[in-house]
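Note on naming: letters A, B, ... go to the chains in the order of the sequence lines (proteins, then strands), and numbering restarts at 1 for each one.
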Amino acid sequence: YSSPNIAKPFHIGHIRSTVIGNSIYLIYDALGYDTVRINHLGDYGTQFGKMICAYRHWGNKEDVIKEPIKTLLEYYTKFHVEVETHPELDDEAREIFTKLEHGEKEETEIWKWFREESLKEFTRVYDMLGIKFDSYAGESFYSDKMPRFVEELKEKNLLKESEGAHIVDLEEYGMSPALITKSDGSTLYITRDIAAAVYRKEHYNFYKNLYIVASQQNLHFQQWIKIVELLGYDWAHDCVHIPFGLVSLEDGTMSTRHGRVVFLEDVLNRAVEQTKEIIKEKNVNTDNIDQTAKDVGIGAVIFQELSNNRIKDYVFKWDKVLNFDGETGPYVQYTHARAASLLRNAGDAVVKKATSLEGIDYSKICGESCYELAKLLYKFPAVIEDAGEKYEPSIVTRHVVDMAQAFNRFYHDEHILVDDESEKVAKIALVIAAKNAIANGLALLGIAAPEKM
RNA sequence: GUCUCCGUAGUUAAAUGGAUAUAACAGCGCUCUCCUAAAGCGUAGUUGUGGGUUCGAUUCCCGCCGGGGAUACCA
């Protein structure tokens, strides 16, 4: 998951795979699975031939070091402008990519350098989001693992030559043919995905191999999973494509080349800034405004991303992403902070007694809203399993909202810190349970749960 | 053209085939001498369309309408 293309900006379109993938990892980890987080970087392909070609013609080392992504993107854009009038550039770019595939030293070194510089920028955004990976083995990692499958496809009579290229005909399965090698012999995305799947089976021996990739690539996944099956690998259907809908902007589809793009880092920064203003306005006594603003602002962006069914398309709107009212991350975090505040006011002795769960008179919590809250807390583990089975973090998000709503009603209806000691302890026990459930729920989404806000 | 996904209050969305379709936002009102009002409460408003299966359909099947995506040398 995540898997951005190196040398291209990390924009709002990348947030979905990143954040959904992270949450699915967290959910499966919580369910007790051994998990490996792989960032299949888009660090290979014809585009890098173009990029290197552009760098050689118009590039400058200092500029790249100063601002890697922006500069490399300029080269890429310039290439596409120039190629209109100089079509020979395309041939040159293809040739460079072929050299790269053959491991020519000079091309490989430039490419490695681009990759490192890009990764530095991505890491900054991942740090903001609090997201880590176990492996950054991207497409390039499989560059030397593909010839084996081209041979295997030939042996099993699956490969056909067509217009100079090599294809697997999938017509009988209702799919268009899959292009395995281009007419110049170089490989494609699909070839690398087949190599990657086999590598992962051999290296990790996975139970499930999950791909959190946009629904635009549905056909691509159907094709290569079918090919893996035709190659005779019985685990083909343990590879699962988990698709999600498209993010577009109000003025159309995002397009890096046309400058129609919203940078993820800008969204996160603005959300944090706005949170800071709200904190100042409300004059909340927090120990560390910067940390709280970061937890809440970034949490808000992640939460919103995970609140709808992943398959739905949506249009990115600033006022929506910066709206913190209603069923939002800040609402849930606020509820958690309220619960934390109750525990502080209750005092250590009461909290300790309630935590021990010994001698609690549960008959003292009998209001309707207490019951509704308790019911939701009880259902939570089953909800997490359901979310895992369906690869759908929004199921957790919805339930966390429901729990927060129930807690706020309970908070409003019931006086919690009452004089009656046993009633107070019983109610605090419920508060502790709710606070833990909300914090755990947020954790499964990759969101912090501040004690104060 | 073919394949595929989506269509629910003004808006954004919920709903393993089950009871009066559920929330939030935006409206309109109300509640801080009271544990954090980033809260709570009230109010009005919804299944694109035509069939079918079923005791029962937002959900499953077929047609239509509207929108997105894919459809071999990008990834």
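- Across all strands shown, A:Glu414 has heavy atoms under 4.0 Å from base atoms, whether or not it also approaches the sugar-phosphate.
- Base pairing analysis places B:U2 opposite B:A70; the two distances defining the Watson-Crick or G-U wobble pair are each below 3.5 Å.
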Open item on the list: Pair A:Lys154, A:Glu151 - check salt bridge (charged side-chain N to carboxylate O under 4.0 Å, His left out), show working.
Closed with: CA-CA 5 Å; A:Lys154 266 184 203 159; A:Glu151 282 310 307; 3.8 Å; yes
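- Using a 4.0 Å cut-off, no side-chain N or O of A:Lys312 falls inside it from OP1 or OP2 of B:C6.
- B:A37 and B:G45 have their C1' atoms separated by 27 Å, given to the nearest Å.
- Counting non-hydrogen atoms under 4.0 angstrom, A:Gln304 reaches nothing in the nucleic acid.
- Looking at heavy-atom distances under 4.0 Å, A:Lys320 makes contact with sugar-phosphate atoms alone, never a base.
- If you check every strand for non-hydrogen atoms under 4.0 Å, A:Asp413 touches nothing.
- Using a 4.0 Å heavy-atom cutoff across all strands shown, A:Arg344 reaches at least one base atom of the nucleic acid.
- Within the 4.0 angstrom heavy-atom criterion, base atoms lie near A:His415.
- Projected onto RNA chain B by closest heavy-atom contact, A:Gly174 and A:Asn308 fall at different nucleotides, the more 5' of which corresponds to A:Gly174.
- A sub-4.0 Å separation between OP1 or OP2 of B:C5 and a side-chain N or O of A:Asn218 is absent.
- When heavy atoms are screened at a 4.0 angstrom cut-off, A:Tyr331 is found touching the sugar-phosphate backbone but no base atom.
- For B:A75, neither phosphate oxygen OP1 nor OP2 lies less than 4.0 angstrom from any side-chain nitrogen or oxygen of A:Lys8.
- Distance alone, capped at 3.5 Å, is enough to place a donor-acceptor pair between the A:Gln304 side chain and the A:Lys320 backbone.
- Remark: A:Asn345 is in phosphate contact with B:U36, judged by side-chain N or O atoms under 4.0 Å from OP1 or OP2.
- One P atom belongs to B:A21, the other to B:U46, and the distance between them is 11 Å to the nearest Å.
- When distances run from any side-chain atom of A:Lys182 to the nucleotides B:A75, B:A38, B:C73, the shortest one goes to B:C73.
- In the set B:A38, B:A70, B:C6, B:C6 carries the atom at the smallest distance from any side-chain atom of A:Ile311.
- Within the 4.0 Å cut-off from OP1 or OP2 of B:A75, at least one side-chain nitrogen or oxygen of A:Thr46 is found.
- Between A:Ser307 and A:Asp325, the residue anchored nearer the 5' end of RNA chain B, judged by the nucleotide with its closest heavy atom, is A:Ser307.
- For B:G63, the paired nucleotide is B:U49, the pair qualifying as Watson-Crick or G-U wobble because both relevant distances are below 3.5 Å.
- Between B:A75 and A:Arg192, a contact under 4.0 Å exists linking OP1 or OP2 to a side-chain N or O.
- Contacts of A:Met175 with the nucleic acid, taken as non-hydrogen atoms under 4.0 Å apart, are absent.
- Among the nucleotides B:A38, B:G40, B:C35, the one closest to the side chain of A:Leu417 is B:C35.
- In this structure, B:U43 and B:G27 make a Watson-Crick or G-U wobble pair, each of the two defining distances being under 3.5 angstrom.
- A:Phe114 pairs in a ring-ring contact (aromatic ring centres under 6.0 Å, His included) with only one of the listed residues (A:Tyr55, A:Phe48, A:Tyr44), which is A:Tyr55.
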